[in-house]
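Small disclaimer: the values here were computed from a predicted structure and weren't measured. Proteins get letters first, then strands, A, B, ... in listed order; numbering begins at 1 in each.
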Amino acid sequence: MTDHPASSWALSRIPGLGCVCPCRSTRAKGGSYLGAVPFLIAVTALLVLASGVVLLATYNARSPVASLQILSHAVPQGWLVRAYHASGTTLLAGLVYLGLFHGLLTRAYRAPGEYAWMLGVKLLAVLLAASWFGYVLSGGAGGYWSYQRAMMAALQFHGAARGLALWVLSGGLPKLLVLHLLLALSAGLALWAWLAARAKVRATPPPGEAVPFYPYYAAQYLVALCALGFVGALLIGFLPHLGMPALNAVPGSGLSFAANPGLPWYLAPLGAAAGSFHGAWGGIGAVIALAVTLYAVPWLDLAPPEAPPSRLHQALTWLLGAVVVALGVDGTMPGCPLAPVLDPLLTLYVFLHFLVLLPLVTWGRAK
Amino acid sequence: MMRPFILPLLALLAGAAPAAAQTVPSFASSGPLGHIDAAAAQRGFAVYEASCAACHSLSALHYRDLEGLGLTSAQVAGIASGIKLADGTAATPDSPFKPATLPASAFGGALPPDLSSIAAQRPGGAAYIYAVLTGYTPAPAGITLMPSHYYNSAYPGGQIAMPPPLHDGAVTYADGTPSTTAQEAADVAEFLTWASDPTLTARHEIGLRALIFFGFLFVLALVLKRQAWSNQS
């Protein structure tokens, strides 16, 4: 295999690049386009981080709506930077969800990929936390009342949990801005660690089945990159507020009360699952239980690592995907009369899938 | 068989205005390739100044932003100089739009909303604004109106505290367009859509160009990929 001189130059000089860059790897023939999802996540994350840095130049946490309006109205192409950041977040969350779903479908979490899987779950968790802070920082009524609800929940805690929650949430938007930046940087680190862990455990294909990354998979990644650009252009140009509650266009204030502020689509499944349980502790317990369950998936799947996923396993994974989408749709419709019944059932099914159905389906193959 | 189910669903997905019984005109700004009709929005600004500005603010806009509607710097400076601010001085192009002059007490404590992003806030956008502005009718039999409220078929709940703001001939359009109530409502709806999203036209233009660019690049990359893999199949 021959390296491109530019990639050889970069790989031999830039620390940490070799463990995430796929250019020196060999791959099995016939890989799917979904294999490019981690690369697309990295590209989108860079775009979101870069646009976030530009946003920082004009954003004022003490008057968020006014500063964003100045950016949109008075700064040349400022609206485009804001659209990159908002639509980039939508793309990024969608790609991370897609990457994890693909991992569940193909059993990418099986040994030796357990650690890479756990880092992927961590990436999703940090990304969602960062995006919630970003939603609140937009200054809209949706974010404002979501923040107020979190404050009210924190007041229900006792002892150290109450102190910690209030420390995080009190201090207003300036402190949330700092936490948003810290979480965004943490998401960047989690992404790098995830890519490195995936590269480390990537199976080496048998000699007759292997092809070098360049030019074969480089060409495939280019197609995926163009598709990403197409979807990005569609979102920025025509659907800039996709999945955002319309309420967030109203400037947030204590005078415009919203009992059900709603959440952006990428937070909606988690919000609906948390809302299925009684009280603040119930909601937080549900979120923690979901994260722990996702972490434990490699050990809940009892089939041998080398076994391909069975049809029943794949069918159940598709059903799980549909259930999560239904939770998300329900979560983006605040005040939906079916929500009190539907959300607990759907959340229960998610736990049922991982804790009962997955071990049961894979147990037969373990014997 | 499916028609009775699908049509309301499509209307819901399109964000149709609730309970809007009257015919709503098609707006240039609506639809995926829509653009701001600068002439209509300029007329809408005149309607806003004449009929809305006393009660509703437009805090996100400066007078210089009107250049985005195709007005020249001199025209904007002329408009601004004709507006007297609270301190008695004349506005300049860099002044924010003059805040509403009437206090909250004039409205029974319920301050009329700022209109900067009203089109983005309400499902249906311009169509909703038009429907509310033209939706004043006598209350149907059996409906008792609350004090100082008016019946409006397009407003959620049917009762609105705002008196009918428009009437025929409320403004005189410079371009000679007849100023009927429906025309004024359509023009001010287009103006408020622009105020809510001043970059709508540019966004759609850039989006379309980017879609064509990436679509072409996608096909090119696909051909390149197939060529690269051809010796492996």
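Among A:P215, A:A66, A:A227, A:A83, the residue with the largest count of heavy-atom pairs under 4.5 Å with chain B is A:A227.
Heavy atoms closer than 4.5 Å to chain B are found nowhere in A:Y221, neither backbone nor side chain. In this structure, the portion of B:S116 lying under 4.5 Å from any heavy atom of chain A is its side chain and not its backbone. Within the 4.5 angstrom heavy-atom criterion, atoms from both the backbone and the side chain of B:L211 approach chain A. With a 4.5 Å cut-off on non-hydrogen atoms, B:L208 touches chain A through its backbone and its side chain both. Residue A:L234 touches chain B through both its backbone and its side chain, counting heavy-atom pairs closer than 4.5 Å. With a threshold of 4.5 angstrom between heavy atoms, B:A195 approaches chain A through N, CA, C or O but not through any side-chain atom. Both the backbone and the side chain of A:V250 come within contact range of chain B, each with at least one heavy atom under 4.5 Å from a heavy atom of that chain. Heavy atoms of B:R209 lying under 4.5 Å from chain A are absent altogether.
Separation of atoms CZ (A:F238) and CG (B:L200) is listed at 10.0 Å; rounding is to 0.5 Å. Going from atom CD1 of B:I212 over to atom CZ of A:F230 covers 9.5 Å, rounded to the nearest 0.5 Å. Here the CG-NZ distance, from A:L222 to B:K225, works out to 11.5 Å after rounding to the nearest 0.5 Å. The CD atom of B:Q121 sits 10.5 Å away from the CG atom of A:N248 when rounded to the nearest 0.5 Å. Separation of atoms CG (B:L224) and CD (A:Q220) is listed at 12.0 Å; rounding is to 0.5 Å.
Atom OH of A:Y33 has more than 12 heavy atoms from other residues, nucleotides or ligands within 6.0 Å. For B:K84, the NZ atom is loosely surrounded, since the number of other residues' heavy atoms within 6.0 Å does not exceed 12. By the neighbour-count criterion of 12 heavy atoms within 6.0 Å, atom CD of B:Q75 is densely surrounded, having more than that number from other residues, nucleotides or ligands.
The aromatic rings of A:Y217 and B:W229 sit perpendicular to each other, their planes meeting at more than 60°, with 30° as the lower class boundary.
In plain terms, the two heavy atoms of B:H204 and A:G237 that are nearest each other are CD2-O, 3.2 Å. Between A:A233 and B:F214, the closest heavy-atom pair is CB-CD1, 4.4 Å. Minimum interatomic distance between B:S117 and A:A249 (heavy atoms only, all atoms of both residues): OG-O, 3.0 Å.
A donor-acceptor pair is defined here as one N or O able to donate and one able to accept, closer than 3.5 Å; no such pair exists between the side chain of A:H73 and the backbone of B:L61.
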Could you give me the CA-CA distance, side-chain angles and deciding distance for A:Y216 and B:N231, then say whether side-chain contact (heavy atoms from CB on, under 4.5 Å) is met?
-> CA-CA 10 Å; A:Y216 299 103; B:N231 64 349; 3.3 Å; yes

